[in-house]
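Each remark here refers to the structure printed beneath this line.
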Amino acid sequence: MNQIKDYRQYDKIAIMGGTFNPIHNGHLVAAESVRQQMGIDRVIFIPTGKPPHKNANPMFNEHRYLMTVLATVTNPNFEVSRIEIDRAGLTYTIDTITELKMRCKPECKIYFITGADAIQEILTWKEPEKLLSMCEFVAVTRPGYKNEKLVKTIKSLKDKFKGRITLLEIPALSISSTDIRHRVLAGQTIKYLVPASVEEYIHKFGLYKAEDVYSPEIEAINAKLHSVLTPKRYKHTQGVAQEALQLAGRYGADSDKAYIAGLLHDCAKCLTDEEKLELCDRYSLVLDDILKSQPDLTHSFLGAKIAETEYGITDSEILDAIAYHTTGRPDMSLLEKIVFIADYIEPNRDYFEGLDKVRELAYEDIDKAVITSLENTINYNKKKKRLIHPLGIAALEYLKREEKNEKH
Ligand code: NAP
């Protein structure tokens, strides 16, 4: 049953919307920072019900809600609403705001706080124009995520919606729910990443201990990969996915995307050269002379196409990370760098010269790690008298130029 309270005594309220699976200290710090910066009277945490963009496990609704209550109970300015959890059917933010607006005084300002990557997709939400006329958006990001593309997207949304979106970088958001779930699964500590009450709740109910973490989609991906890759290649992809996940945690990238891109990066690798060339033709991939003479190099570009058509991946960031995992390219995204380096350093790799150095750099400075691995690969291929793909050379030159500019 919907339990909607009256908010008429407030001048400014904020909705903190998210899956909260589970809620963590990053969310709490973000909500408290926004509350203070914007002079907000009340922050209402609203765990999503059935989000329109994903398949949620309904069994987790009550757990997510109760953990959010436990996490927020000590802050007198926070409260949690079941408005979306109790709503039948799909959850749309416009319906939530419409419902809440009826409980506020007419001049009350409403803010909607959520992750910046969700807000970037706002044009695909239900009635975005109306939504932005009803409330202001606060897009919170993890450190390192505030890249040129994000700033550009937010700026164009700001122009379109007359400034009703603010972008805020919250260092504490380097904590992520995905990382917490994976930590529990791996038997690692989550102390100080979530409130003690949430930690206790997770352990008491044995949450995230089993395949709950892995969606049916990931199970299906693994089953298919198992059937098309050699055992050694399959083991390598599991290593890359795991490494990509850890790097995503280190650099604040989207862990789900890193994990999936890592799993699928070599999905075309075990095709024969003839099959690769035939599929390149079928997918209208234009091959330059180097790709024609070394068909194996096509596996990354082809992998992106196969990930899209055969594994149902539609996210362009994941597809680009697969497409450029072998050559790299100028101005790589953080996710592209993560998959590129995860492929190079994953723990199942046989040792080769230079590997230790890149493993060391990977968690210190990802750009330096990409530079060193590109240099190693280019030198290795030169020695083997193989042609070097221009994208790799351009990627290296780009990163070196960036590094030089940073020094000046
Ligand atoms: P999500 O899967 O929970 O999160 C996406 C990313 O944003 C994750 O990196 C997440 O980090 C981060 N994030 C989520 N909520 C956050 C918050 N409040 N503060 C800081 N970081 C947050 O979220 P989602 O499913 O995309 O939904 C986010 C909100 O947008 C929800 O309220 C949802 O209902 C709304 N939404 C509405 C529509 C629509 O109306 N059509 C469509 C999409 C989304 P963690 O994993 O660490 O939380």
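Fair warning: this is a prediction, and the values are worked out from it, not measured in the lab. Remember, it's 1-based here, ligands and their atoms both numbered in the order they're listed.
- The residue from His27, Arg142, Lys257 that puts a heavy atom closest to atom 9 (O) of ligand 1 is Arg142.
- Between Thr114 and ligand 1, at least one N/O pair is under 3.5 Å apart.
- Interface atoms of ligand 1 facing Gly18, defined by a heavy-atom separation under 4.0 Å, are 15 (N), 31 (C), 32 (O).
- For atom 18 (N) of ligand 1, the choice among Gly17, Ala116, Ala30, Ser174 with the nearest heavy atom turns out to be Gly17.
- Annotation: His226 is in aromatic contact with Tyr234 [ring centroid separation under 6.0 Å].
- Inclusion of Thr178 in the set of residues having an N or O under 3.5 Å from an N or O of ligand 1 is not warranted.
- Residue-level proximity to ligand 1 for Ile113 is carried by the backbone, the only part with a heavy atom below 4.0 angstrom.
- Close contacts between ligand 1 and Met16 involve ligand atoms 17 (C), 18 (N), 19 (N) [criterion: under 4.0 Å to a heavy atom].
- Using a 4.5 Å heavy-atom cutoff, the side chains of Ser177 and Ile23 are not in contact.
- Residues Tyr208 and Asn21 have side chains that bring a donor and an acceptor to within less than 3.5 angstrom of each other.
- Using a 4.0 Å cut-off to heavy atoms of Ser177, the atoms of ligand 1 that qualify are 45 (P), 46 (O), 47 (O), 48 (O).
- Under a 4.0 angstrom heavy-atom cut-off, Val140 registers as being in contact with ligand 1.
- Remark: Glu127 engages no residue in a side chain to side chain donor-acceptor pair (under 3.5 Å) (not counting sequence neighbours).
- Relative to atom 43 (C) of ligand 1, the option among Tyr92, Phe20, Trp125 with the closest non-hydrogen atom is Trp125.
- A side-chain donor from one of Arg87 and Thr96 sits under 3.5 Å from a side-chain acceptor of the other.
- For the ligand labelled ligand 1, residue His24 lies inside the 4.0 Å heavy-atom shell.
- With a 6.0 Å cutoff to the six-membered ring centre and a 45° limit on the axis angle, Arg82 counts as a cation-pi contact of Tyr65.
- Residue Asp117 touches ligand 1 through its side chain alone, judged by heavy-atom distances below 4.0 Å.
- Of the listed options Gly115, Gly252, Ala118, Gly115 places a heavy atom closest to atom 21 (N) of ligand 1.
- With 3.5 Å as the limit, one finds a donor-acceptor pair spanning the side chains of Tyr10 and Arg42.
- With ring centers used as reference points, Tyr201 lies under 6.0 Å from His63.
- Close approach to Ser176 involves these atoms of ligand 1, each under 4.0 Å from a residue heavy atom: 47 (O).
- For His182 and Tyr259, the gap between ring centers is short of 6.0 Å.
- Considering Thr93, Leu168, Asp256 only, the shortest heavy-atom separation from atom 40 (O) of ligand 1 involves Thr93.
- Side-chain rings of Tyr324 and Phe340 stay apart, their centers remaining 6.0 Å or farther from each other.
- Remark: Asp331 pairs with no residue by the salt bridge (charged side-chain N to carboxylate O under 4.0 Å, His left out) rule, at least two apart or across chains.
- When each atom of ligand 1 is checked for a heavy atom of Thr19 under 4.0 Å away, the hits are 1 (P), 2 (O), 3 (O), 23 (O), 25 (O).
- Contact annotation: for Phe112 versus ligand 1, heavy atoms closer than 4.0 Å belong to the side chain alone.
- Under 3.5 Å, the side chains of His299 and His265 contain no donor-acceptor pair of N or O atoms.
- The proximity of Thr48 to ligand 1, defined as any non-hydrogen pair under 4.0 Å, is limited to the side chain.
- Near Lys126, the atoms of ligand 1 lying under 4.0 angstrom from a non-hydrogen atom of the residue are 41 (N).
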